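Working notes, beginning with the structure itself.
Values in this document were obtained by computation on a predicted structure and should not be read as measured data. Side chains included, hydrogens not; waters and symmetry mates left out as well; all remaining heavy atoms used. Below, read A as the first sequence line, B as the second, and so on, with proteins coming before strands; counting in each chain starts at 1.
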Number of protein chains: 4
Amino acid sequence: MPTQKVAPDSSRRSQSARRAILTAALDLASELGYAKLSIEGIASAAGVGKQTIYRWWPSKGALLFDAFLTLTTEGQDVGEAALPDTGDLAADLKTVLRATVEELNDPRYDLPMRALHIEVVHDPALAAAYQERLDGPLRELKKERLRAARRAGQLAEDVDLDVAVDLLFGPILNRWLQRTGPLTAEYVDQVVDTALRGLRPTPPAG
Amino acid sequence: MPTQKVAPDSSRRSQSARRAILTAALDLASELGYAKLSIEGIASAAGVGKQTIYRWWPSKGALLFDAFLTLTTEGQDVGEAALPDTGDLAADLKTVLRATVEELNDPRYDLPMRALHIEVVHDPALAAAYQERLDGPLRELKKERLRAARRAGQLAEDVDLDVAVDLLFGPILNRWLQRTGPLTAEYVDQVVDTALRGLRPTPPAG
Amino acid sequence: MPTQKVAPDSSRRSQSARRAILTAALDLASELGYAKLSIEGIASAAGVGKQTIYRWWPSKGALLFDAFLTLTTEGQDVGEAALPDTGDLAADLKTVLRATVEELNDPRYDLPMRALHIEVVHDPALAAAYQERLDGPLRELKKERLRAARRAGQLAEDVDLDVAVDLLFGPILNRWLQRTGPLTAEYVDQVVDTALRGLRPTPPAG
Amino acid sequence: MPTQKVAPDSSRRSQSARRAILTAALDLASELGYAKLSIEGIASAAGVGKQTIYRWWPSKGALLFDAFLTLTTEGQDVGEAALPDTGDLAADLKTVLRATVEELNDPRYDLPMRALHIEVVHDPALAAAYQERLDGPLRELKKERLRAARRAGQLAEDVDLDVAVDLLFGPILNRWLQRTGPLTAEYVDQVVDTALRGLRPTPPAG
DNA sequence: AGCTAATCGAGACGGTACGTCATGTCTTTCG
DNA sequence: CGAAAGACATGACGTACCGTCTCGATTAGCT
């Protein structure tokens with residue numbers, strides 16, 4: 001059930017224009033931030049007519065989303081990827097989240113990622129696409145890792161995996177979005193440790 | 001350290017214009033959503049010259065924030081309020097969060113609240129003001145309730161209260177912002193139960 | 001000296017496409033008027049690719065001109081036609097001019113004819129083609145009739161025939177183009193009578 | 001009965017912007033001709049926002065017309081002017097028409113005047129304004145001169161003055177618009193002489 | 001009570017961007 | 001292989017807002 005119209009991609013479509021647009025979109029987003037990002041600017045930076053953008057993307061948000069999807073996953077298939085599994089769940093989660101935090105703290109990614117999140121917060125259609133094509137698959141990977149942990153007896157049987165993912169990954173995103181506080185490795189560790197404490201199986205009552 | 005310039009509020013300022021503007025801002029935000037909200041529209045809806053807005057607020061975000069702050073706390077002092085404390089921490093948290101969820105699900109509040117969050121995500125200065133004047137005080141109330149619970153032995157001594165607040169309240173906000181899934185009472189209960197499990201003191205090893 | 005490039009008319013050219021284009025051009029001109037007449041619209045109304053138009057006509061004006069030339073003279077050869085000659089010059093001219101006026105007043109012809117005249121006023125190359133292929137031949141017919149009148153002693157010997165044609169036919173076209181006043185049979189009669197008074201041979205001084 | 005909406009000219013209107021726009025309009029019209037004349041170009045040449053043009057003029061034609069009206073009559077009141085009257089009607093008419101022809105042949109005036117005429121041919125509303133504010137007053141001057149001639153016994157009593165004006169002035173305009181032939185002093189003389197022959201009182205029948 | 005200066009509503013101004021339409025060229029697909 | 005279909009870069013359209021700026025006309029607060 002595709003929720004967001006995505007380019008039908010006729011064979012006549014110019015692939016070079018497409019790439020130039022996606023690249024320009026990300027570049028400008030990281031230079032200018034959401035508010036000053038304009039279709040007009042993207043078109044001119046990409047050396048492309050505005051109509052070529054309007055022809056293939058229904059909104060600035062959809063374009064930004066496509067740019068993220070295309071340029072950040074470049075070749076690698078999300079479906080095939082997986083979270084690290086060393087057997088130590090806490091360590092693995094900290095590894096992943098520290099990488100995330102590093103990315104979020106990278107000024108090169110900060111602005112465009114905020115722009116994308118703003119669009120997602122604003123536009124329900126885009127939010128649906130985001131869940132379906134980006135967040136959903138990633139969440140699946142996370143749940144897969146947690147399922148493995150559960151099989152290894154490291155997770156309580158009755159824990160809802162979606163809730164578990166929310167507890168583990170939500171706070172970091174939140175703190176970044178709202179700038180509630182600094183995004184440090186320490187914070188990551190605290191979140192993982194505390195959340196995992198609630199997710200571990202109850203020790204057999206003494 | 002006041003981060004966001006707030007109206008110096010000379011005595012000559014027209015209070016009727018101020019209220020009309022704040023009201024119009026919230027009303028239009030809930031009618032139109034963030035993207036179509038314009039200073040021009042607010043001025044005309046409030047029956048006010050544009051300059052009167054630009055004179056007192058430095059940005060659309062600051063105005064929106066002021067509107068929230070003024071019209072939603074109307075008289076009641078945040079500092080004096082407190083979270084319910086029946087002695088049952090889980091029940092109290094569920095009560096509060098269910099009320100929050102109900103508000104977030106109310107179409108009358110959805111759009112303007114999204115608008116405000118978008119501004120906060122976008123503008124660091126506004127985010128600072130938001131933390132200082134809205135989110136900060138509320139977080140203090142939450143921490144106060146958790147402190148009481150800790151005194152009552154319902155919370156581990158070594159838990160960072162900010163992390164605790166993040167684990168308890170973050171996931172709900174996240175799910176609403178990103179529309180990851182439906183915001184139901186069941187979800188609230190699961191989050192509270194699971195998070196609290198990790199926050200409770202470790203039972204003496206058997 | 002052919003001034004306007006006219007279709008070389010290769011034998012491979014699709015005659016059905018040609019007719020569809022010319023017809024669509026005239027139809028749309030009469031529906032929309034000059035300003036809203038577009039190549040794009042003509043192509044789509046004719047069920048034809050844009051390139052097929054650009055291949056055979058150098059400009060919108062040339063196409064419009066061709067449409068007029070082809071569809072209004074349809075078969076009848078301008079060279080063979082002639083103005084009526086009943087022996088009564090004034091009556092013959094009034095007959096012809098009243099017919100002209102009727103056509104100009106016909107809403108079906110008004111808009112496309114204005115469109116053509118606008119192109120002629122604007123584009124010297126098209127004006128040349130217009131003189132050579134449309135206005136010129138017609139003017140020859142008019143002069144021929146006047147020559148006959150001169151032979152019959154109804155016209156002064158020293159009158160320049162081009163000036164005569166201008167005096168007789170110019171005012172009507174002018175009044176139509178500029179909407180200086182209503183185009184009526186009475187006006188036609190007045191113009192013919194007054195102009196002819198100046199064109200007739202001077203009576204032998206008494 | 002004002003037919004064309006003309007700027008209400010509120011007191012807040014910037015006169016410097018107005019003049020810059022009118023000047024730029026004429027200048028660009030004479031540089032580029034009708035087809036390439038754009039509001040966008042005029043705005044930018046005048047150093048003015050597009051909206052400032054759209055605020056005060058309803059169409060490109062109305063602007064062009066206003067530019068002509070304002071900049072060519074500059075101060076001098078059309079109502080007060082008059083055609084020369086030396087007592088010799090033919091000579092006076094030739095004087096006036098030769099001046100007209102000279103202007104029409106001036107490349108500086110050719111293009112903008114064609115642009116104006118194109119708009120007039122195209123747009124009935126503009127044509128009405130043109131008749132009311134430009135052509136009408138001028139025609140009145142011409143008729144006034146002819147009336148004087150009639151009083152002096154140089155014109156037949158039964159001649160319709162409008163028809164007379166059409167016969168005398170129409171052919172020159174026509175030849176210019178349609179480029180039927182060169183606009184020379186000789187042509188002017190021929191037209192005046194021939195037309196006047198038809199307008200003079202019939203000599204008492206011998 | 002009258003004066004003066006800040007504030008008000010209104011809205012024009014130079015701009016930027018919007019999203020649409022048409023231009024004339026080029027490329028792909030089909031009959 | 002020619003014609004339809006239509007993508008492309010370009011550029012103008014007319015509109016909406018931006019943030020600044022002037023206008024009188026209120027409307028305080030201070031002589």
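Without hydrogens or angle criteria, T52(B) side chain to V48(B) main chain gives no donor-acceptor distance under 3.5 Å. A donor-acceptor pair under 3.5 Å is formed between the side chain of T23(B) and the backbone N or O of R19(B).
Looking at which nucleotide of DNA chain F each of G47(A) and G47(C) is closest to, the 5′-most match is held by G47(C). The 5' end of DNA chain E is approached more closely, in terms of each residue's nearest nucleotide, by V48(B) than by the other of G49(D) and V48(B).
In this structure, I42(D) atom CD1 and dG14(E) atom P are separated by 14 Å, rounded to whole Å. The distance from atom CD1 of I21(B) to atom C1' of dA10(E) is 14 Å, rounded to the nearest whole Å. In this structure, L28(B) places its CG atom 11 Å from P of dC17(F), rounding to the nearest Å. Distance CD1 (I53(C)) to C1' (dG6(F)): 14 Å, rounded to an integer number of Å. Here the P atom of nucleotide dC23(F) and the CZ atom of R13(D) are 16 Å apart, to the nearest Å. The nearest whole Å value for the distance from the NZ atom in K36(B) to the C1' atom in dC18(F) is 18 Å. Between L63(B) atom CG and dC17(F) atom P the separation is 16 Å, expressed in whole Å.
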Going by atom type alone, with no hydrogens or angles, which donor-acceptor pairs under 3.5 Å involve a side-chain atom of residues 33-43 of chain D and a protein atom two or more places apart or on another chain?
unit_1	atom_1	unit_2	atom_2	d
S38(D)	OG	G41(D)	N	2.9
E40(D)	OE1	K50(D)	NZ	3.2

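For R13(A) and W56(A), the positive end sits near the middle of the six-membered ring, less than 6.0 Å away and at most 45° from its axis.
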Mark up nucleotides 24-31 of chain F, 5' to 3', with B wherever a protein heavy atom is under 4.0 angstrom from a base atom, S wherever such an atom reaches only the sugar-phosphate, and - elsewhere. ----BS--

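Listed nucleotides dC8(F), dG14(E), dA3(F) differ in distance to R55(C); the shortest reach to its side chain belongs to dA3(F). Side chain of S14(A), nearest nucleotide from dC8(E), dG14(E), dC8(F): dC8(F). Residue W56(D) places its side chain closer to dA12(E) than to any other of dA7(F), dA12(E), dT7(E).
The heavy-atom pair separating V120(B) from L126(B) by the smallest distance is N-CD2, 4.1 Å. The two residues L64(A) and A29(A) come nearest to each other via the heavy atoms CD1-CB, 4.2 Å.
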Table of protein N/O atoms under 3.5 Å from nucleotides 23-25 of chain E N/O atoms:
unit_1	atom_1	unit_2	atom_2	d
dT23(E)	OP1	I39(C)	N	3.0
dT23(E)	OP2	I39(C)	N	3.2
dT23(E)	OP2	E40(C)	N	3.0
dG24(E)	OP2	Y54(C)	OH	2.8
dG24(E)	N7	K50(C)	NZ	3.2
dG24(E)	O6	K50(C)	NZ	2.7

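Legend: side-chain hydrogen bond (donor to acceptor under 3.5 Å, both in side chains) pairs involving residues 107-122 of chain D, not counting sequence neighbours, sorted by first then second residue: D110(D)-R114(D), D110(D)-W176(D).
In this structure R179(D) satisfies the salt bridge (charged side-chain N to carboxylate O under 4.0 Å, His left out) test with no other residue, sequence neighbours excluded. When the salt bridge (charged side-chain N to carboxylate O under 4.0 Å, His left out) test is applied to K60(D), no partner is found at least two apart in sequence or on another chain.
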